[in-house]
Amino acid sequence: MTFTIAIDGPAAAGKGTVGRLLAARFGFAHLDTGLLYRATGRRTLDGIDAVEAARTLERADLEAPDLRTPEVGQAASRVAAIPEVRQALIDFQRAFASRSGGAVLDGRDIGTVICPEAEVKLYVTATDDVRAARRLTELTGVGHDITYQEVLQDLRLRDARDSARSAAPLKPAEDAILLDTSLLTIEQAVAAAIAEVERVQRG
Ligand code: C5P
């Protein structure tokens, strides 16, 4: 059985958390596609050409300890605007999406470009303020010395770049279900996502 759940949305809206918990609920595999771009961006900070970095990405690159930093996030969003970088990462993502047993992928272009035929498409959003506050808690929780204003600026810069690029810009698929998590707890957001998956499964 293949069954694909595509989750897109701006930075720190809760895509990863919803994706991880949905995957656990249904026994599906989960891929945080942002990690592919972060690992590629991370390698460019070591002086490797972006396209080369994407083409030769290895599993170990996805385990670099600093992939979640704002600096690597910015590098990710710069390389993500390069069509050849995106092209180099497509096959891996599509193969993951069509594995048997079901898959959840979260990113920016999953419902629009990577898996336009996905059975369920969610577009997860939250206000800038809520997203920045959540990301600040996450980053300071693992010891980063960063302010609310810096986090807010980082998210806004990436969202603007991700939305304005011509290659697979951030936008909801036409048939995506919108899930605004601003006023929801994690449990409520996941419950809404589960309800949507079950609705589709019932046919
Ligand atoms: O999701 P995350 O914040 O980790 O993604 C980092 C960056 O990778 C994003 O800002 C975006 O530029 C890029 N990205 C993308 N397409 C995806 C996933 C991430 O362009 N499917």
Side-chain angles (χ1 to χ4, degrees), residues 4-20 22-23 29-45 50-51 53-54 57 61-97 103-116 118 121-126 128 130-139 142 144 146 150-173 176 179 181:
T4 307
I5 302 176
I7 307 180
D8 293 302
K15 306 180 298 292
T17 305
V18 169
R20 193 163 36 77
L22 264 188
H30 175 227
L31 178 65
D32 167 2
T33 66
L35 270 191
L36 304 174
Y37 293 92
R38 285 177 181 267
T40 302
R42 173 74 191 76
R43 296 186 77 197
T44 65
L45 299 177
V51 177
L57 209 58
D61 295 316
L62 301 178
E63 282 153 21
D66 59 350
L67 293 184
R68 301 280 176 197
T69 63
E71 188 194 14
V72 172
Q74 290 296 337
S77 117
R78 285 193 296 271
V79 300
I82 304 170
E84 292 83 355
V85 165
R86 306 198 71 82
Q87 187 61 39
L89 302 174
I90 284 184
D91 288 350
F92 177 78
Q93 294 175 84
R94 290 204 174 133
F96 191 97
V104 181
L105 288 82
D106 74 79
R108 303 293 186 291
D109 63 338
I110 308 303
T112 50
V113 174
I114 302 297
C115 305
K121 296 181 189 172
L122 302 173
Y123 192 82
V124 180
T125 62
D128 291 6
V130 166
R131 294 188 294 122
R134 286 182 189 156
R135 185 50 56 91
L136 180 68
T137 306
E138 222 174 271
L139 288 171
V142 290
H144 285 286
I146 190 163
E150 286 166 338
V151 175
L152 184 65
Q153 198 189 0
D154 169 61
L155 298 183
R156 284 186 169 155
L157 189 58
R158 279 202 290 137
D159 290 345
R161 199 188 282 124
D162 293 347
S163 305
R165 71 185 177 215
S166 50
L170 165 66
K171 64 171 180 198
L179 181 58
T181 67

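Start at 1 and go down the list; that is how both ligands and their atoms are numbered.
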Run the numbers on R68 and D32 for salt bridge (charged side-chain N to carboxylate O under 4.0 Å, His left out), then give the verdict. CA-CA 12 Å; R68 301 280 176 197; D32 167 2; 3.0 Å; yes
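In terms of heavy-atom proximity, A103 sits nearest to F96 at CB-O, 3.5 Å. Across A12 and R134, no two heavy atoms sit closer than the pair O-NH1, 4.4 Å.
Considering backbone and side-chain atoms alike, D32 places every N or O at 3.5 Å or more from each N or O of ligand 1. Polar contact with ligand 1: present for D109 (N/O pair, distance under 3.5 Å). Inclusion of T33 in the set of residues having an N or O under 3.5 Å from an N or O of ligand 1 is warranted. On a distance-only criterion, R38 and ligand 1 share at least one N/O pair closer than 3.5 Å. Between D106 and ligand 1, no pair of N/O atoms sits closer than 3.5 Å.
Atom 3 (O) of ligand 1 has as its closest protein heavy atom R158 NH1, 2.7 Å. In terms of protein heavy-atom proximity, atom 16 (N) of ligand 1 is nearest to R86 NH2, 3.0 Å. The protein atom (non-hydrogen) at minimum distance from atom 8 (O) of ligand 1 is Y37 CB, 3.4 Å.
Contacts between R165 and ligand 1, counted as non-hydrogen atom pairs separated by less than 4.0 Å, involve the side chain only. Within the 4.0 Å heavy-atom criterion, neither part of R161 lies near ligand 1. By the criterion of a heavy-atom distance under 4.0 Å, both the backbone and the side chain of R108 are placed next to ligand 1.
Atoms of ligand 1 lying under 4.0 Å from at least one heavy atom of A80, given by number and element, are 12 (O), 13 (C), 20 (O). Remark: ligand 1 atoms within the under-4.0 Å shell around heavy atoms of S77 are 10 (O), 12 (O). Contact atoms of ligand 1 toward D162: 9 (C), 10 (O), 11 (C), 12 (O) (distance under 4.0 Å to a heavy atom of the residue).
For the side chain to side chain donor-acceptor pair (under 3.5 Å) with Y37, the lone residue among R86, R108, R78 that qualifies is R86.
Looking at D159 and R131, a side-chain N of the basic residue comes within less than 4.0 Å of a carboxylate O on the acidic one, giving a salt bridge.
Between the side chain of R161 and the backbone N or O of S77 there is no donor-acceptor pair closer than 3.5 Å. The main-chain N or O of L152 is never found under 3.5 Å from a side-chain atom of D128 such that the two would form a donor-acceptor pair. Of the possible polar contacts, one joining the R38 side chain to the L67 backbone as a donor-acceptor pair under 3.5 Å is found.
Once rounded to the nearest 0.5 Å, the distance linking CD1 of I7 with NE2 of H30 reads 6.0 Å.
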